[in-house]
J.: 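Below is one structure. I have some questions about it.
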Amino acid sequence: MSEVRETLPSVAIELSIPFHDIDPLAVAWHGHYAKYLELARCALLESFDYSYEQMAQSGYAWPVIDLHVRYIQAIRFRQNVRVVATLEEWEYRMKIAYQILDAASGARLAKASTVQVAVTMPGFEMQLASPDILARKLGLK
């Protein structure tokens, strides 16, 4: 019998906001937050050995179908931030919760979530439940 995880995976990445992400108000443009979430999401998927390349090899794509961001405090040029990504749901969809924190103080700068669903490749037929491969990668089956 395989060992079952008691908690779902969570990872954190750190990054420094580059100049090319800054808008005329000298803060990170809101559209770039999706990029920061994507960087954390990729690290999260890799943490349980199911990268985007591995998804494709398993016969599935997992497009993002929903994205929510709550902006709490502006992020500035060269500010070091920590982006935490936590898998919250996996059985019917992959729901990931995020927090963007100031790396030095831990102050919350934004919170977000994404929802991804499995679709077959190449037909792009949406699956009503997550394929077994995800549960296996999570150590739940």
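What you see below is based on every heavy atom in this structure, not just the backbone, and it leaves out hydrogens, waters and symmetry mates. What you are looking at is a predicted structure, and each value in this text was computed from that prediction instead of being measured. Just so you know, residue 1 is the first one in the sequence shown, and it goes up from there.
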J.: Please identify each residue that fulfils salt bridge (charged side-chain N to carboxylate O under 4.0 Å, His left out) with E125, with sequence neighbours left out.
T.: none
J.: With clusters defined by side-chain heavy atoms of hydrophobic residues (ILVMFWY) lying less than 4.5 Å apart, directly or transitively, does L101 cluster with Y33?
T.: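 Y33 does not cluster with L101.
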J.: Any chance you could measure Y50, atom OH, to L134, atom CG, to the nearest 0.5 Å?
T.: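 The CG atom of L134 is 6.5 Å from OH of Y50, to the nearest 0.5 Å.
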J.: According to a hydrophobic-cluster definition based on side-chain heavy atoms being under 4.5 Å apart (Ile, Leu, Val, Met, Phe, Trp, Tyr only), do I13 and Y36 belong together?
T.: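 In one cluster: yes.
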J.: Tell me the salt bridge (charged side-chain N to carboxylate O under 4.0 Å, His left out) pairs involving residues 82-93, sequence neighbours left out?
T.: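 Residue pairs with at least one partner in residues 82-93: E14-R82, E89-R93.
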J.: So, using side chain to side chain donor-acceptor pair (under 3.5 Å) as the criterion, who are the partners of S113 when residues are at least two apart?
T.: none
J.: Members other than L25 in its cluster, when Ile, Leu, Val, Met, Phe, Trp, Tyr link by side-chain heavy atoms under 4.5 Å?
T.: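 Grouped by the 4.5 Å side-chain rule, V27 form the rest of the cluster around L25.
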J.: Per the side chain to side chain donor-acceptor pair (under 3.5 Å) rule, what does the pair list look like for residues 102-112, sequence neighbours excluded?
T.: Q79-D102, D102-S105
J.: Check whether L37 and V64 end up in the same hydrophobic cluster, where Ile, Leu, Val, Met, Phe, Trp and Tyr are linked by side-chain heavy atoms less than 4.5 Å apart.
T.: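 No, it is not one cluster - the side chains of L37 and V64 are not joined through contacts under 4.5 Å.
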J.: Which heavy atom of N80 sits nearest a heavy atom of S16, and at what distance?
T.: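 For N80 and S16, the tightest heavy-atom pair comes out as OD1-CB, 3.2 Å.
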J.: Does Y92 sit in a hydrophobic cluster with other residues, and if so which ones, taking ILVMFWY side chains as linked at heavy-atom separations under 4.5 Å, directly or through other members?
T.: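 Under the 4.5 Å side-chain rule, Y92 groups with nothing.
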J.: Less than 4.5 Å apart, any side-chain heavy atom of T114 and any of K95?
T.: no
J.: Taking T86 for its side chain and S10 for its backbone only, find out whether a donor-acceptor pair lies under 3.5 Å.
T.: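 No; zero donor-acceptor contacts below 3.5 Å.
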J.: Check the hydrophobic clustering (I, L, V, M, F, W, Y; side-chain heavy atoms under 4.5 Å; chains of links allowed) and say if F48 and L140 are grouped together.
T.: yes
J.: Quick one: salt bridge (charged side-chain N to carboxylate O under 4.0 Å, His left out) pairs with a partner in residues 43-59, sequence neighbours left out?
T.: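 Output for this query lists D49-K137.
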J.: Through direct or indirect side-chain contacts below 4.5 angstrom among Ile, Leu, Val, Met, Phe, Trp and Tyr, which residues connect to F124?
T.: I65, V115, V117, V119, M126
J.: Grouping I, L, V, M, F, W and Y whenever their side-chain heavy atoms are under 4.5 Å apart, do L109 and W29 come out in a common cluster?
T.: no
J.: Where is the tightest heavy-atom contact between A40 and V83, given as atom of each residue plus distance?
T.: CB-CG1, 3.5 Å
J.: When you look at M121 and Y60, which way does the side-chain contact (heavy atoms from CB on, under 4.5 Å) test go after all the steps?
T.: CA-CA 5 Å; M121 289 181 61; Y60 297 97; 5.6 Å; no
J.: Considering all heavy atoms of both residues, which atom of L44 and which atom of A85 are nearest to each other, and what is their separation?
T.: CD1-O, 3.8 Å
J.: Are the side chains of W90 and L8 in touch, meaning some heavy atoms are under 4.5 Å apart?
T.: yes
J.: Heavy atoms only: give me the nearest I22-A28 pair and the separation to one decimal.
T.: CD1-N, 3.8 Å
J.: Please identify each residue that fulfils salt bridge (charged side-chain N to carboxylate O under 4.0 Å, His left out) with D132, with sequence neighbours left out.
T.: K141
J.: Show me the donor-acceptor pairs within less than 3.5 Å that the side chains of residues 66-73 make with the rest of the protein, sequence neighbours left out.
T.:
residue: D66; atom: OD1; partner: H68; partner atom: NE2; Å: 3.3
residue: D66; atom: OD2; partner: H68; partner atom: NE2; Å: 3.2
residue: Y71; atom: OH; partner: H30; partner atom: O; Å: 3.3

J.: So, using side chain to side chain donor-acceptor pair (under 3.5 Å) as the criterion, who are the partners of K35 when residues are at least two apart?
T.: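 Expected list: D21, H32.
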J.: Would you compute the distance between atom CD1 of I133 and atom OG of S58 and round it to the nearest 0.5 angstrom?
T.: 5.5 Å
J.: Could you give the distance from CZ (F77) to CD1 (I17), rounded to the nearest 0.5 Å?
T.: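 It is 10.5 Å, given to the nearest 0.5 Å.
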J.: To the nearest 0.5 Å, what is the distance between CH2 on W62 and CE on M55?
T.: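 Answer for the CH2-CE pair, W62 versus M55, is 6.5 Å.
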J.: With sequence neighbours left out, what residues match E38 under salt bridge (charged side-chain N to carboxylate O under 4.0 Å, His left out)?
T.: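 So E38 forms a salt bridge (charged side-chain N to carboxylate O under 4.0 Å, His left out) with R41.
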